[in-house]
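A note on names: the letters A, B, ... follow the listed sequences, proteins ahead of strands, and every chain is numbered from 1.
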Protein chains: 2
Amino acid sequence: MTPSAPRLFSQAVEDYVKAIYKIQGEEETVSTTHLARYMNKTPAAVTKMIKQLAEHRLITHASYRGVRLTPAGEKVALEVIRHHRLLELYLHQALGYGWDEVDAEAEQLEHHISEEFEERIDRMLNYPLTDPHGDPIPTRDGAIAPRRGLPLLEAETGTALVILRVRDRDPEALRYLKRLGMELDVRIVVVEKMPFNGPIILRIGEETHSVGRELAGHVFVEPMAEETA
Amino acid sequence: MTPSAPRLFSQAVEDYVKAIYKIQGEEETVSTTHLARYMNKTPAAVTKMIKQLAEHRLITHASYRGVRLTPAGEKVALEVIRHHRLLELYLHQALGYGWDEVDAEAEQLEHHISEEFEERIDRMLNYPLTDPHGDPIPTRDGAIAPRRGLPLLEAETGTALVILRVRDRDPEALRYLKRLGMELDVRIVVVEKMPFNGPIILRIGEETHSVGRELAGHVFVEPMAEETA
DNA sequence: CTATAATTTTAACCATACTCAAAATTTTTT
DNA sequence: AAAAAATTTTGAGTATGGTTAAAATTATAG
């Protein structure tokens, strides 16, 4: 039997810390309810876990005041996210998973691969920078590039855009986007945004598509200019 | 989010069932103490788990009388073992793990890969029959070939032998065996078994080695004739 | 600025999976 | 066949991670 260092934190702890990290991206401090909704748990369960996380010094917490990750907590979150995104890319590249399938499988495996495994797939993938949805992969020592792209909804109409990133959590949406030809690095133009929160008219190659605001919210782009002429 | 069927049984249940399967290979009925020793748990913990397994109808159990797997239990064990051995081979072939490293990593992952993952690596490995230690890989529907080879200790001296299988649980032993050139499919001859439980003298290619009985117990062989002329 | 609503925490409870110590049962020895 | 030894089970207790219902606190509206 190999010693093979046991994980420092339980899967539950890792999941909570990762969730807090994600929510923190949008809000200053993370509320119990928000976390509970995100994790599909009751607020009571979250309060308990918050105590445990605070004891482990992974978060700071003042009663009734929400939580924030400590640097230590952020490091744990980024390690889990690194595992997740490396796995997503590996499943896609090496095992032929579709981009709509990788998230669910990585979600399980991220807690159970060794540092050795991480190292090996990282090398095999030639030290990649982004996962199959365009999200940046944190480095081994916890550095992470900012997310690229601005929401498609906010892009100027008439400009040539490149798809840099898509939300990874909704396989249905991912399958539909793929059917429309909306994959990473594809060039698109916003032709028109229909009023009263109507659909967005897009030109993708030769085709024109009309997509709702909700779906558009899953897509992040950048004006072409920056990349190439 | 993908539905992704949650595991039917906990990791603990899977581990116990697998252990019972392995011990059953040697003994008719599996005793509490034997299981406890194998699992590194107290007998009290084992008794409790036995109740749970019996409730799930994975074992039959009469108090103070040891346990046996039901057909359902055997199926669960073989599914876990299938995951384990496919993973071992995959880690070895696709990710370059040494044969001394695969067991520990597979031990963790076997409980957390999906049927999809199993299916994909099975296909990628071209539906292999044995793992990197020569153990048979159960089929998807729970059939398993008998273990091949007889213990090196019981092999006739002077006959040409092939190594068909080695015990997988001791990485140290595996590393040492590899250093001696004792890998799968390698041809060896038992030159002499020294008396008073002394070492075994082996000829491997041009070299002669002396190995203790304990190590020899890890190696399983077959007379050459059967395979080729 | 108080009343109501929303949020958060506490309390009591459940399940899993483990521990140690004591009791029950089986096996072995004499 | 009784005494001693070994094995197995039970009982009481721990830790994690969840639940519901009630109490406490904070936020919001009139």
Listing request: all side-chain hydrogen bond (donor to acceptor under 3.5 Å, both in side chains) pairs with a residue in residues 37-51 of chain B, at least two apart in sequence or in separate chains.
none
Residue list, side-chain contact (heavy atoms from CB on, under 4.5 Å) with A:L125, at least two apart or on another chain:
A:L86, A:L89, A:Y90, A:Q93, A:P128
Rounded distance in Å - CG (B:L35) to P (C:dC18):
11 Å
Atom pair distance, as rounded to whole Å: NZ in A:K41 and P in D:dG17
10 Å
Regarding B:A45, tell me which of base, sugar-phosphate or nothing describes its non-hydrogen contacts under 4.0 Å with the strands shown.
base
With a 4.0 Å heavy-atom cut-off, tell me which residues in residues 50-68 of chain B come close to DNA chain C, sorted by residue number.
B:Q52, B:Y64, B:R65
My understanding is that only residues two or more places apart in sequence, or in another chain, count here; which of them pass side-chain contact (heavy atoms from CB on, under 4.5 Å) with A:R120?
A:E116, A:R123, B:L95, B:Y97, B:E101
Do we see a donor-acceptor contact under 3.5 Å between the side chains of B:H112 and A:Q108?
no
Indicate, with a heavy-atom threshold strictly under 4.0 Å, whether B:K48 touches base, sugar-phosphate, or nothing.
base
Residue closer to the 5' end of DNA chain D, A:S10 versus B:A44 (nearest nucleotide)
B:A44
Output yes when at least one side-chain N/O atom of B:Y16 is less than 4.0 Å from OP1 or OP2 of C:dT16, else no.
no
Counting only side-chain heavy atoms from C-beta out, which of C:dT9, D:dT10, C:dT19 sits nearest to B:T42?
C:dT19
Any carboxylate oxygen within less than 4.0 angstrom of a Lys/Arg side-chain nitrogen, looking at A:E79 and A:R7?
no
For A:F9, give me all partners under ring-ring contact (aromatic ring centres under 6.0 Å, His included), at least two apart in sequence or on another chain.
A:H56
Look at all strands and tell whether B:T32 reaches a base, only sugar-phosphate, or nothing, counting heavy atoms closer than 4.0 Å.
sugar-phosphate
Rounded to whole Å, how long is the line connecting atom CE of A:M39 with atom C1' of D:dG17?
11 Å
For A:D122, give me all partners under side-chain hydrogen bond (donor to acceptor under 3.5 Å, both in side chains), at least two apart in sequence or on another chain.
A:R82
Rounding to a whole Å, what distance do you find between A:N40:CG and D:dT19:C1'?
14 Å
Using side-chain hydrogen bond (donor to acceptor under 3.5 Å, both in side chains) as the criterion, list what pairs up with B:H84, not counting sequence neighbours.
B:E88, B:D103, B:E110
Whole angstrom value for the distance that separates P of C:dC18 from CD of B:Q11
10 Å
Round to the nearest Å and state the distance from B:M49 atom CE to C:dA15 atom C1'.
12 Å
Which pairs, protein N/O on one side and nucleotides 1-6 of chain C N/O on the other, fall under 3.5 Å?
none

For B:N126, give me all partners under side-chain hydrogen bond (donor to acceptor under 3.5 Å, both in side chains), at least two apart in sequence or on another chain.
none
